[in-house]
Amino acid sequence: QVQLVESGGGLVQAGGSLRLSCAASGSIFSINAMGWYRQAPGKQRELVASITRGGTTNYADSVKGRFTISGDNAKKMVYLQMNSLKPEDTAVYYCNAGLMTTYSISSYLNYWGQGTQVTVSS
């Protein structure tokens, strides 16, 4: 069993900061990449940021320069530092991990956390 558990969401005023954390646990052989997605009411889930095992990062244009993703391979954790938050950043943020549970590539799957609410007031 694999679990992703997010923490760090909450209510913040526009211009403020929050830091999200996600911990992966369970029967994990190798994590290829981890990332953060978000879904606002009435909208589709979208990629916010991702990071590969080698440290390559990717960001949505809307968060570049404001959000920073980082990871700790040994601890199987990923973080999202969110600065200069805007009301349009309000959404449920989901942690995602692409990982293998055995040495076989056939065990590769995407896993999701339960989500954490981020609300930015104007």
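Contact check for Val78 versus Leu80: no side-chain heavy atoms found under the 4.5 Å cut-off. In this structure the side chain of Gln13 never reaches within 4.5 angstrom of the side chain of Val120, judged on heavy atoms. At a threshold of 4.5 Å between non-hydrogen side-chain atoms, the residues Val118 and Leu20 count as touching. Contact annotation: the side chain of Ser25 never approaches that of Met77 to less than 4.5 Å [non-hydrogen atoms, C-beta and beyond]. A 4.5 Å side-chain heavy-atom check between Asn32 and Thr52 finds every atom pair outside the cut-off. For the pair Thr68 and Tyr79, the minimum side-chain heavy-atom distance is 4.5 Å or more. Considering only heavy atoms from C-beta on, Asn83 stays 4.5 Å or farther from Leu18 through its side chain.
Judged purely by distance below 3.5 Å, without hydrogens or angles, the side chains of Ser106 and Ser104 pair a donor atom with an acceptor atom. For Arg53 and Ser30, the side-chain atoms include at least one donor-acceptor pair closer than 3.5 Å. A donor-acceptor contact under 3.5 angstrom links the side chains of Gln117 and Thr119, judged on distance only.
Nearest heavy-atom pair across Ser84 and Asp89 is O-OD2, 4.4 Å. The two atoms that bring Asn96 and Gly98 nearest to each other are OD1-N, 4.2 Å, heavy atoms only. Heavy-atom minimum distance, Pro87 versus Ser122: CG-CB, 3.8 Å. Contact detail for Ile31 and Leu99: the closest heavy-atom pair is CA-CB, 3.9 Å. Closest of all the heavy-atom pairs between Glu6 and Tyr93 is OE2-O, 3.9 Å. The minimum heavy-atom distance between Ala40 and Ala91, with the atom names listed, is N-CB, 3.8 Å.
With hydrophobic clusters built from ILVMFWY side chains whose heavy atoms lie under 4.5 angstrom apart, Phe29 shares a cluster with Tyr108. Val5 and Trp112 fall into different hydrophobic clusters, defined by Ile, Leu, Val, Met, Phe, Trp and Tyr side-chain heavy atoms under 4.5 Å apart, directly or through other members. Ile51 and Leu47 fall into different hydrophobic clusters, where Ile, Leu, Val, Met, Phe, Trp and Tyr residues are linked whenever their side-chain heavy atoms come under 4.5 Å apart, directly or through other members. Both Met82 and Ile69 are assigned to one and the same hydrophobic cluster, defined by single-linkage of ILVMFWY side chains at heavy-atom distances under 4.5 Å.
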Assess whether side-chain contact (heavy atoms from CB on, under 4.5 Å) is satisfied between Gln81 and Ser17, documenting all intermediate values.
-> CA-CA 7 Å; Gln81 178 66 43; Ser17 299; 4.0 Å; yes

Walk me through it: do Met34 and Cys22 pass the test side-chain contact (heavy atoms from CB on, under 4.5 Å)?
-> CA-CA 9 Å; Met34 297 186 77; Cys22 173; 4.1 Å; yes

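At a threshold of 4.0 Å, the pair Asp61-Lys64 counts as salt-bridged, since one of the basic side-chain nitrogens sits closer than that to a carboxylate oxygen.
To the nearest 0.5 Å, atoms OH (Tyr59) and OG (Ser50) are separated by 9.0 Å. The distance from the CD atom of Gln44 to the CZ atom of Arg38 is 14.0 Å, given to the nearest 0.5 Å. Taken to the nearest 0.5 Å, the NZ atom of Lys43 stands 8.5 Å off from the CD atom of Glu88. Between atom OG1 of residue Thr90 and atom CG of residue Leu85 there is a gap of 8.5 Å, rounded to the nearest 0.5 Å. Taking CD of Gln3 as the start and CD1 of Ile28 as the end, the distance is 10.0 Å to the nearest 0.5 Å.
Note: Phe67 and Trp36 fail the aromatic proximity criterion, with ring centroids not under 6.0 Å apart.
In the displayed structure, Glu46 atom CD is contacted under 6.0 Å by more than 12 heavy atoms of other residues, nucleotides or ligands.
Remark: Arg45 is positioned above the aromatic ring of Tyr94, its terminal NZ or CZ atom under 6.0 angstrom from the ring centre and at most 45 degrees off the axis.
One N or O on the side chain of Ser107 and one on the backbone of Thr101 form a donor-acceptor pair closer than 3.5 Å.
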